[in-house]
*Asks:* 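Before we start, here is the structure in question, set down as structure tokens.
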Amino acid sequence: MLNYKRYRRNPVVDLPDRTWPDKQIEKAPIWCSVDLRDGNQALIDPMVVSEKIEFFNHLVRLGFKEIEVGFPAASQIEFDFQRQLIERKLVPDDVRLQVLTQCRKELIDRTFESIEGCKEVVFHIYNSTSTLQRDVVFHKSREEIIDIAVKGTEMVKEGAKNFGGKVILEYSPESFTGTELDFALEICSAVQKTWGATKENPIIINLPSTVEMTTPNVFADRIEWMNRNFENRESIILSVHPHNDRGTGVASAELALLAGADRIEGTLFGNGERTGNVDIMNIAYNMFSQGIDPGLSIEKVNDSIEIYERCCKIPMHPRHPYAGKLVFTAFSGSHQDAINKGVAAMKERDSEFWEVPYLPIDPADIGREYEPIVRINSQSGKGGVAFVMDTYFGFKLPKGMQREFADVIQSISERQGEVSPETIMSTFRAEYLEQKEPLHFRKLKMDDLSDETESEFDTRVVVTYTDQGVEKSFEAVGNGPIDAVQRGLMEETGVRIKILDYEEHALQSGSNSQAAAYIHLLNADSGQVTYGVGVSSNITRASVRAIFSALNRLGIK
């Protein structure tokens with residue numbers, strides 16, 4: 001039996017007058033990427049300096065203005081990387097480097113040494129404040145934990161006096177989610193006061209869910225409680241650093257914004273310790289999908305995927321939000337049908353807004369292509385096959401024909417799994433366009449009889465065809481060329497055939513465009529029905545080919 005009684009619920013916040021549920025996200029937060037520090041330390045094979053520089057340059061191109069580049073006092077590689085960024089002048093004037101260190105003098109001194117020559121830096125200090133860690137790891141009282149944070153702040157403040165650039169202090173009460181709220185407020189306020197934060201020179205107070213311990217609404221309550229109770233709130237940039245242990249990191253971050261957070265720290269696609277950091281790209285694309293400027297240049301998701309997979313050595317999950325290969329695809333027949341109709345409606349209405357079922361955003365807006373939207377397998381239906389034939393190859397199958405052809409493709413998918421667009425088209429050719437046996441249409445001659453006779457028939461045709469390789473021809477009259485060909489074929493074959501429906505359309509624009517014709521044909525003797533398809537630069541010839549295609553599919557000789 002699952003021993004759930006080993007675990008205790010985490011406490012919730014008594015905040016009956018919470019305001020965040022009534023708010024909406026209206027603008028992007030301050031973004032801070034921690035890919036090069038928090039993300040990098042979680043890699044099996046951490047990035048080398050050249051990879052870090054490449055990743056840093058990509059973050060700059062994306063528009064990040066604050067980038068945590070590492071823990072320079074922790075290793076020589078971290079230190080050297082930071083020095084290269086500064087000495088090679090790779091840091092734009094509008095981008096702040098962020099460096100992390102514990103509240104120890106030798107580490108703080110080494111960190112200042114690493115940022116020498118930097119114009120503006122976020123100096124990030126932290127110490128663990130959680131109830132559990134105070135008890136089992138540090139064996140320290142509240143007062144002793146506060147003393148660590150205050151002394152660390154004083155050391156950074158002293159070091160900043162001799163630093164040539166601007167220092168912005170960031171303080172994180174690590175494991176905020178496991179810390180009593182009153183104590184979190186007390187220690188953050190002590191750091192705020194010690195630093196001397198003002199509206200003009202604010203401090204960043206970063207509240208991390210170092211371990212995600214409860215539901216996102218509780219995290220939002222904690223953020224709102226802190227936001228309300230800070231003194232001199234205008235002197236604080238309130239930041240959150242969510243992790244994803246419960247799989248709700250994105251939700252926690254979004255609700256934290258509603259609760260008063262100004263800033264989010266995370267990684268591009270959620271890489272990080274355990275189940276990862278919050279996925280910044282996910283949040284940014286969520287904002288984009290709601291008509292909010294995300295403040296990042298995320299139009300080309302494939303570029304970010306490529307560098308992420310190569311430098312982090314982590315493959316992108318095919319169902320990863322926005323970035324996975326399958327997220328803009330549909331295997332379900334009903335989904336495919338809805339997408340097909342939605343895209344068609346968008347074109348017809350020429351709407352300025354994107355509204356397509358099952359596709360919250362236009363894949364093209366983030367650099368994805370339409371080709372993978374519909375994927376055909378045994379679960380797919382007529383809508384998906386119709387979408388592929390239209391989008392890839394320009395054939396707008398009549399509604400009745402969609403089911404007929406979808407059944408053909410389904411039988412293939414049941415044998416081999418997913419069916420590619422190329423296989424669908426080759427099957428379409430074999431089933432319809434190349435149905436030339438036993439009857440193969442060759443030539444058509446047509447005369448207009450409207451000025452020559454009083455008969456009800458105004459068109460005469462002469463059709464040349466082969467029957468199992470033997471050339472034959474017939475002459476017939478009718479009310480138009482299609483009717484005349486139908487009558488002539490009934491005489492030739494001895495079978496009563498009836499055209500139930502006829503559709504046509506151009507396959508491409510321009511003077512050399514070809515037309516596709518679709519004939520729904522009934523064998524009145526047997527009751528069988530099927531479709532035939534013909535293609536030609538001449539619409540009448542395309543129609544005749546479609547009739548012959550349908551005859552062959554019906555097995556009429």
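Residue numbers run from 1 in the order of the sequence given.
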*Asks:* Determine, for Lys313 against Glu309, whether the closest basic-nitrogen to carboxylate-oxygen distance falls under 4.0 angstrom.
*Replies:* no
*Asks:* Under 3.5 Å, is there a donor-acceptor pair between the Thr275 and His243 side chains?
*Replies:* no
*Asks:* Return the CE to CZ distance between Met490 and Arg496, rounded to the nearest 0.5 Å.
*Replies:* 9.0 Å
*Asks:* Could you tell me whether Glu68 and Arg37 have a side-chain N and a carboxylate O separated by less than 4.0 Å?
*Replies:*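 Salt bridge: yes.
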*Asks:* So that I know where these two stand, are Tyr308 and Phe269 an aromatic pair - ring centroids less than 6.0 Å apart?
*Replies:*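 Between Phe269 and Tyr308, which both carry aromatic rings, the centre distance is below 6.0 Å.
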*Asks:* Just checking, is any N or O donor in the side chain of Asn538 or Ser536 under 3.5 Å from an acceptor N or O on the other one?
*Replies:*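 Their side chains do not contain a donor-acceptor pair, so the 3.5 Å distance test is not met.
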*Asks:* Heavy-atom distance under 4.5 Å between the side chains of Phe219 and Thr214, does that happen here?
*Replies:* no
*Asks:* Pairing donors with acceptors under 3.5 angstrom, does anything connect the side chains of Ser413 and Glu418?
*Replies:* no
*Asks:* Under the side-chain hydrogen bond (donor to acceptor under 3.5 Å, both in side chains) rule, collect the residues that match up with Arg553, sequence neighbours excluded.
*Replies:*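 Listed in chain order: Glu404, Glu431, Thr530.
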*Asks:* Taking the side chain as every heavy atom from C-beta outward, state whether Tyr465 and Glu492 have any atom pair closer than 4.5 Å.
*Replies:* yes
*Asks:* Before accepting this row, confirm whether a basic side-chain N of the pair Arg263/Glu66 lies closer than 4.0 Å to the acidic partner's carboxylate O.
*Replies:* yes
*Asks:* Is it the case that the side chains of Gln468 and Glu437 hold a donor-acceptor pair, with the cut-off being a distance below 3.5 Å and no angle test?
*Replies:* no
*Asks:* For the residue pair His320 / Asp279, report whether a side-chain donor-acceptor contact shorter than 3.5 Å exists.
*Replies:*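 A donor-acceptor contact under 3.5 Å links the two side chains.
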*Asks:* What residues, two or more places apart in sequence or in another chain, satisfy side-chain hydrogen bond (donor to acceptor under 3.5 Å, both in side chains) together with Asp94?
*Replies:* Lys65
*Asks:* Is it the case that His241 and Asp38 place a side-chain donor and acceptor less than 3.5 Å from each other?
*Replies:* yes
*Asks:* Pairs in or reaching into residues 411-437: which pass ring-ring contact (aromatic ring centres under 6.0 Å, His included), with residues at least two apart or in two chains?
*Replies:*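 Applying ring-ring contact (aromatic ring centres under 6.0 Å, His included) to every pair that reaches into residues 411-437, excluding sequence neighbours, yields Phe395-Phe428, Phe405-Phe428, Phe405-Tyr432, Phe428-Tyr432.
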*Asks:* Decide, yes or no, whether a salt bridge links Arg310 with Glu54 under the criterion of side-chain N to carboxylate O below 4.0 Å.
*Replies:* yes
*Asks:* With heavy-atom distances below 4.5 Å as the criterion, would you say the side chains of Leu268 and Leu59 are in contact?
*Replies:*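 A side-chain contact exists here, since the closest heavy-atom pair is under 4.5 Å.
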*Asks:* Side chains of Ser420 and Thr423: do they bring a donor and an acceptor to under 3.5 Å?
*Replies:*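 A donor-acceptor contact under 3.5 Å links the two side chains.
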